[in-house]
Structures are given as C-alpha cells and as structure tokens.
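Throughout, a chain's letter reflects where its sequence line sits, starting with A, and its residues are numbered from 1.
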2 protein chains.
Amino acid sequence: MVHYQTRLDTTFAALSDVTRRGVLEQLGGSEASITDLAQRFHMTLTGMKKHVSILEQAGLVTTQKVGRVRTCKLGLRRLEEEAAWIERHRQLWSARFDALDELVEHLKCKEKADARTKKR
Amino acid sequence: MVHYQTRLDTTFAALSDVTRRGVLEQLGGSEASITDLAQRFHMTLTGMKKHVSILEQAGLVTTQKVGRVRTCKLGLRRLEEEAAWIERHRQLWSARFDALDELVEHLKCKEKADARTKKR
DNA sequence: TTTACAGTGAACCATATGGTTCACTATCAA
DNA sequence: TTGATAGTGAACCATATGGTTCACTGTAAA
C-alpha cells in the first residue's frame, strides 16, 4: 500500500535525525515546552518548532498549547510498523545467512578435524 | 558516542526511502545485479547504483563485481542497533502510557457495564 | 576486431532539509 | 498599560537528496 510506504518513509526520516531522536528520549522522561527543548538542544525556538512539527507529523509526538506555552509529549504511535518492518527483515537476513552459518560451522569442524589429523 | 549517533542516522536515512527498502526486500529473496534492480524499480543504472551505494555505506548490502556485472546481496549488518533503539523507545512509550492504558481499560469495562444495564 | 552490454563518474537539475534571522501575535505579569 | 515572554510564519541560506543525461571504461560475444 502506498499509505504504508509513505508512513514508513516519514517515520524513518523523522528518526534519522540526532536531534529528533534526542527530543523523543527527552519526552520519554517528561513533557517539555518548545523553549525547554530549544535550550536543551542549543537551537532557536523556530528551529526546534520545525523538529517538533516533523515529529508531530509522524505521529510520534503530540502537542497542546495552553496560554502561550506549547507542551509536547510522546504521541500515540509506538513504532509498531517500524519494529515490524525491521523484525521481518532481521528474519530475512537470518534465513539468508543460515546457509552461511552452517558452512562456517562446517569449516570450523573440518579445521578441528584437520588439526587432529595433523597431530597424529 | 558520536559514532553510534551517525550510525543510526545513516541507517534510518537509508531505510527512509521506498526504493531502498524495496531493494532490501528483493535481496532478501535472491541476489541481483545493478541492471536487475534498475529494471525492477524503473530507474536508470546510475540511479540504482546510487541507492545501492547508500545501502552499502550503511552496511545493509554488500556487492562484488565479477566480469562486468556487480552482484548485490544482503550485508552483514542485521539492524541490531536500530531494533534495539526502537525497542527501547517502545518501552519508554509503554511506561509513559500505562496509566492511559489503564484508563482506557477502565472505560471499556464501564462501557460494557453500561451496555448491560441498558439491556435490562 | 568490431559491436553490444554492464557499470561508473561527472555534471546537472529540482526539490527537500536543517538551520538561521526578523517581524509579528498573543499572553502573562507588574 | 507597558514590558517581557513563548511561539509562529515568512524569507533566506547552504547543503543534501533523488533523479537524470552523457561520455567513458572494461568485458563478453559474434
């Protein structure tokens, strides 16, 4: 599905930035205002606002403005799709390398056997 | 560590493109040449070469050129770090939302109870 | 020995990204 | 009412990204 595709696109893109991953870690600990985050990551308010917007767009963060301060917290998306994608591919990987693993194992045994033969 | 950071950066960035995820899926099935991949994804050789290079850079793919054809296969990196990062944050999420979950559960129960009350 | 094929690299292009400054609005506090 | 504070939006900038074309190299095949 296209939706599924673009979803992974935007989430992985969101996660590909150090600052944004940092913001997520921060919000995992406690909520924070834009100002808080901007200070913690040595950035202008405008810059941080952009990052927060991107995270919000990806559903990873939700925000609420009360008075003049906008409070950010972790969003409802829990990276299920991303975890699933990665997990699926770790399995592909494994399947693909099982043969190799066996070969390596086989070679190791052969090595041992050869060593033993040599000794004699 | 900075290395750890840039590593996640490049991998997540590599994964944030539909074509590249597609290439990984493809290579999970079987090896392929640049030409194969370029055709399958309706792209010039040069374009596909770039994608492959990015995946190779991220350690997700390895290639070998024999004769005039370069064969691509899955690399040795199995997305451990990425899986770990995501898992860690799913836990953060959970911790943060346990209270919410309980609330939701409570509301569901209440709903059921209400429904039952209504029936009578 | 041509000729066709697979890949490569440089140059180019449009758009996206990560950041800034500056001018503005809205709100809180004195 | 007058500042100071928090955020927003537009404009701008440098660099990165995803793609192309074109000219080139090396290899395979006729």
Distance, rounded to the nearest Å, where [X] contributes [atom1] and [N] contributes [atom2]:
{"X": "A/I34", "N": "C/dT25", "atom1": "CD1", "atom2": "P", "value": "20 Å"}
{"X": "A/K49", "N": "C/dA23", "atom1": "NZ", "atom2": "P", "value": "20 Å"}
{"X": "A/H42", "N": "C/dT20", "atom1": "NE2", "atom2": "C1'", "value": "17 Å"}
{"X": "A/Q57", "N": "C/dA16", "atom1": "CD", "atom2": "P", "value": "13 Å"}
{"X": "B/H51", "N": "C/dT8", "atom1": "NE2", "atom2": "C1'", "value": "16 Å"}
{"X": "B/L45", "N": "D/dA23", "atom1": "CG", "atom2": "P", "value": "17 Å"}
{"X": "B/Q64", "N": "C/dA6", "atom1": "CD", "atom2": "P", "value": "19 Å"}
{"X": "A/L55", "N": "C/dG18", "atom1": "CG", "atom2": "P", "value": "10 Å"}

Closest-nucleotide 5' rank along DNA chain C - winner of A/M43 and A/G67 = A/M43
At under 4.0 Å between heavy atoms, what does A/G47 touch on the DNA or RNA strands: base, sugar-phosphate, or nothing?
-> base
Check every strand shown and say whether B/K50 touches a base, only sugar-phosphate, or nothing at a heavy-atom separation below 4.0 Å.
-> base
May I ask you to decide whether B/R77 forms a salt bridge with B/E82, counting only side-chain N to carboxylate O separations under 4.0 Å?
-> yes
State which of D/dG9, C/dG18, D/dT21 makes the closest approach to the side chain of B/T46.
-> D/dT21
Would you indicate which nucleotide in C/dG9, D/dG18, C/dG19 comes nearest to any side-chain atom of B/I54?
-> D/dG18
A/H89 and A/W93 aromatic ring geometry - parallel, tilted or perpendicular at 30°/60° bounds | perpendicular
Classify the angle between the aromatic ring planes of A/F12 and B/F12 as parallel (below 30°), tilted (30 to 60°) or perpendicular (above 60°).
-> parallel
Taking 4.0 Å as the cut-off, does a side-chain nitrogen or oxygen of [X] come that near to OP1 or OP2 on [N]?
{"X": "B/R70", "N": "C/dT8", "result": "yes"}
{"X": "B/R68", "N": "C/dT8", "result": "no"}
{"X": "A/K65", "N": "D/dA6", "result": "no"}

Distance-only donor-acceptor check, side chains A/R40 and A/Q26, under 3.5 Å | yes
Flag if over 12 foreign heavy atoms under 6.0 Å of CD, B/Q57 = no
